[in-house]
Amino acid sequence: MYSFKEIGLVAVLSFTALVIGISTDTLGWTLFLATLMWIFIQNQQFQRVKKWSKHPWRRPANGLDSWFDIAYQPHRTLLRERRRTKQATSRLRQILDLVELNPDGMVVLTKHGEIEGLNKSATRMLQLHDRNIGLSLSTVVRNPEFVHFISAETRGFDSPPLEFASALNPDDTLEARKFSIQNGGLIILIRDITALNRLLTVRQNFIANVSHELRTPLAVIQGYMESIADETEPPEFRLSLTSKLTSPINRLQNLVDDLLLLTNLESTEPEENLTAIDLTTVIAQALKVLGGHLHADTRVVENYDIQPWVIGKASELQSLAVNLITNALRYSNEDTPVDLSVSCQNGRVRFTVSDRGVGIAAEHLGRLTERFYRVDMVDSRTRGGTGLGLAIVKHVLLRHDSKLHIETKLGAGSTFWCEFNQALQPT
Ligand code: ADP
């Protein structure tokens with residue numbers, strides 16, 4: 001579109017040529033000169049646009065409106081596209097960062113099975129390098145199961161994933177899934193399922209152990225109940241059997257109590273505001289709970305230092321004391337003493353339980369605090385153990401920022417000790 005400025009310029013040029021031409025009688029020449037001048041001006045404008053076109057993202061120089069329009073429209077489109085490209089690039093960069101940071105491995109394959117791209121996790125999990133890009137995945141990963149998995153037709157979330165041993169650490173298990181992409185290629189996702197598998201095994205073992213522990217006393221109760229219900233037996237005999245039910249019922253009760261306590265210790269956060277507690281009072285309470293049971297009242301020898309105040313939770317510390325003292329009494333002869341001591345050193349209060357009992361062989365020490373782990377299953381059961389005592393002790397100590405120490409000699413006895421942060425005696 002011509003603007004007023006351009007029409008005005010044409011008018012001024014033509015008018016000047018007309019006036020000069022008529023007054024000097026050289027109208028032809030003046031009109032010719034005016035036309036030349038107009039061509040010159042247009043050529044100048046054209047050169048400016050040409051110069052601008054070499055750097056089109058710069059704003060075009062101001063000029064005659066029709067020429068400025070020619071340059072300005074593409075310039076604006078270019079700026080808009082440049083902004084869009086920048087946004088798309090930054091989004092793409094974010095996605096790439098996410099892919100790189102993803103702990104799961106990702107490999108993109110062409111439709112011919114060549115590696116098109118892969119993230120850091122995939123590089124580590126499959127022991128690949130960036131230089132493998134462009135090579136066929138089945139030639140660089142030498143796991144036959146994996147190679148077969150890539151070439152099989154099935155894909156997507158519905159198809160079974162492949163579980164295979166990690167090349168980095170054969171004890172670790174990886175899981176691969178594959179998905180088709182639009183260009184006929186594949187995306188392979190790989191995740192480390194070692195922890196998940198371990199968790200499943202722990203859960204399965206735990207359920208198997210609990211069922212097993214419950215089954216024994218239940219079978220005993222069932223046996224007695226059948227005899228009690230048998231009307232062919234004399235009534236006095238049937239009545240006498242009811243007293244036999246106490247032991248398996250107590251066993252079931254202990255097991256359920258220990259399980260609930262352990263679950264509670266494992267699944268709840270430790271209290272933040274632990275208070276100052278007199279450890280000797282906690283031990284006295286524990287001994288009271290044990291009472292005449294296992295002859296705790298006659299066999300325990302107490303030796304307490306002064307100021308046994310610790311920072312902790314009384315009920316949890318009491319469970320700890322009950323379990324350690326019970327074990328000491330349980331795994332030693334009735335005529336040997338169990339020594340309890342509380343001493344203070346460098347702001348730490350040490351609680352020690354020592355027995356002169358059966359002792360523990362060194363190879364068991366690492367596993368004693370596992371749930372249901374026993375050195376001798378039958379012996380532990382006959383002595384009334386649930387296999388959860390030391391697991392409870394371990395969790396109580398974890399919640400008190402402490403740990404269990406064991407010194408033991410087979411046939412000579414064991415010493416279990418732990419330390420707590422000392423607290424000032426409340427005034
Ligand atoms: P349990 O209920 O069977 O005693 P624990 O978790 O308390 O289970 O202990 C695990 C195992 O550690 C026991 O079965 C026993 O073999 C061994 N143990 C624990 N305390 C002692 C001890 N004072 N002396 C000898 N063995 C012990």
Side-chain angles (χ1 to χ4, degrees), residues 202 205-206 208-217 247-266 283 286-287 289-290 293-296 299-303 316-341 350-399 402-418:
V202 167
N205 287 347
F206 178 71
N209 279 325
V210 172
S211 318
H212 190 72
E213 294 296 329
L214 290 173
R215 199 178 295 139
T216 319
S247 164
I249 287 175
N250 280 346
R251 197 170 157 63
L252 282 178
Q253 184 67 51
N254 289 344
L255 186 67
V256 172
D257 287 349
D258 278 1
L259 274 173
L260 283 177
L261 177 60
L262 191 59
T263 310
N264 191 39
L265 290 171
E266 280 181 329
I283 298 167
L287 289 172
V289 171
L290 291 172
H293 184 63
L294 293 165
H295 310 289
R299 291 175 56 199
V300 171
V301 183
E302 297 165 68
N303 171 26
E316 293 182 9
L317 293 180
Q318 190 179 313
S319 305
L320 171 136
V322 166
N323 278 300
L324 288 181
I325 300 169
T326 309
N327 278 351
L329 294 164
R330 193 179 273 156
Y331 297 102
S332 61
N333 282 336
E334 284 185 12
D335 54 357
T336 58
V338 163
D339 296 302
L340 304 188
S341 73
R350 182 181 289 195
F351 172 46
T352 313
V353 181
S354 238
D355 64 63
R356 289 160 220 181
V358 295
I360 306 163
E363 71 260 27
H364 299 287
L365 290 183
R367 300 194 59 190
L368 284 188
T369 54
E370 281 177 24
R371 291 185 280 190
F372 297 114
Y373 184 83
R374 274 98 157 213
V375 171
D376 181 336
M377 187 66 80
V378 180
D379 178 61
S380 154
R381 284 224 188 98
T382 21
R383 289 174 193 257
T386 60
L388 295 172
L390 291 183
I392 291 174
V393 169
K394 177 180 124 178
H395 281 279
V396 169
L397 288 173
L398 272 176
R399 292 160 74 91
S402 183
K403 59 180 185 179
L404 185 64
H405 301 265
I406 309 171
E407 281 157 21
T408 178
K409 192 163 176 224
L410 205 55
S414 316
T415 297
F416 288 74
W417 58 272
C418 44

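Both counts, for ligands and for their atoms, begin at 1 and track the order of listing. No experiment lies behind these values; they were computed from the predicted model shown. For the numbers below, each heavy atom of this structure counts, side chains included, while hydrogens, waters and symmetry mates do not.
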*Report the part of Thr408 in contact with ligand 1, treating N, CA, C, O as backbone and CB onward as side chain, heavy atoms under 4.0 Å; options are side chain, backbone, both, neither.*
neither
*Looking only at protein heavy atoms, which one is nearest to atom 23 (N) of ligand 1, and how far off is it?*
Asp355 OD2, 2.9 Å
*Tell me, please: is Asn323 in heavy-atom contact with ligand 1, that is, under 4.0 Å?*
no
*Could you tell me whether ligand 1 has any atom less than 4.0 Å away from a heavy atom of Phe372?*
no
_Of the listed options Ile406, Leu324, Asn327, Ile360, closest to atom 27 (C) of ligand 1 (non-hydrogen atoms)_ = Ile360
*Residue, atom name and distance, where the atom is the protein heavy atom closest to atom 21 (C) of ligand 1*: Tyr331 CD1, 3.6 Å
*For ligand 1, find out whether one of its N or O atoms is nearer than 3.5 Å to an N or O atom of Val375.*
yes
*Residue selection (non-hydrogen contact nearest atom 9 (O) of ligand 1) among Thr326, Leu390, Leu388*: Leu390
_Basic-acidic side-chain contact under 4.0 Å: Glu213, Arg251_ = yes
*Would you please name every residue forming a side chain to side chain contact (heavy atoms under 4.5 Å, CB included) with Asp376, sequence neighbours left out?*
Val378, Asp379
*Starting from atom 12 (O) of ligand 1, locate the nearest protein heavy atom and write down its residue, its atom name and how far away it is, to 0.1 Å.*
Leu368 CD2, 3.3 Å
*Could you say whether the N/O atoms of Gly387 and ligand 1 ever approach to under 3.5 Å?*
yes
*Looking only at N/O atoms, are Asp376 and ligand 1 under 3.5 Å apart anywhere?*
no
_Protein heavy atom at shortest distance from atom 3 (O) of ligand 1_ = Ser380 OG, 2.6 Å
*Between atom NZ of Lys394 and atom SG of Cys418, what is the distance when rounded to the nearest 0.5 Å?*
14.5 Å
*Hey, is Arg330 one of the residues with a heavy atom under 4.0 angstrom from ligand 1?*
yes
*Which residue supplies the protein heavy atom nearest to atom 14 (O) of ligand 1, what is that atom called, and how far is it?*
Arg374 CG, 3.0 Å
*Out of curiosity, is Gly357 lining ligand 1, as in a heavy atom under 4.0 Å away?*
no
*Atom indices of ligand 1, in the order listed, that fall short of 4.0 Å to a heavy atom of Val358*: 25 (C)
*Closest approach of any protein heavy atom to atom 10 (C) of ligand 1, naming residue and atom*: Tyr373 O, 3.3 Å
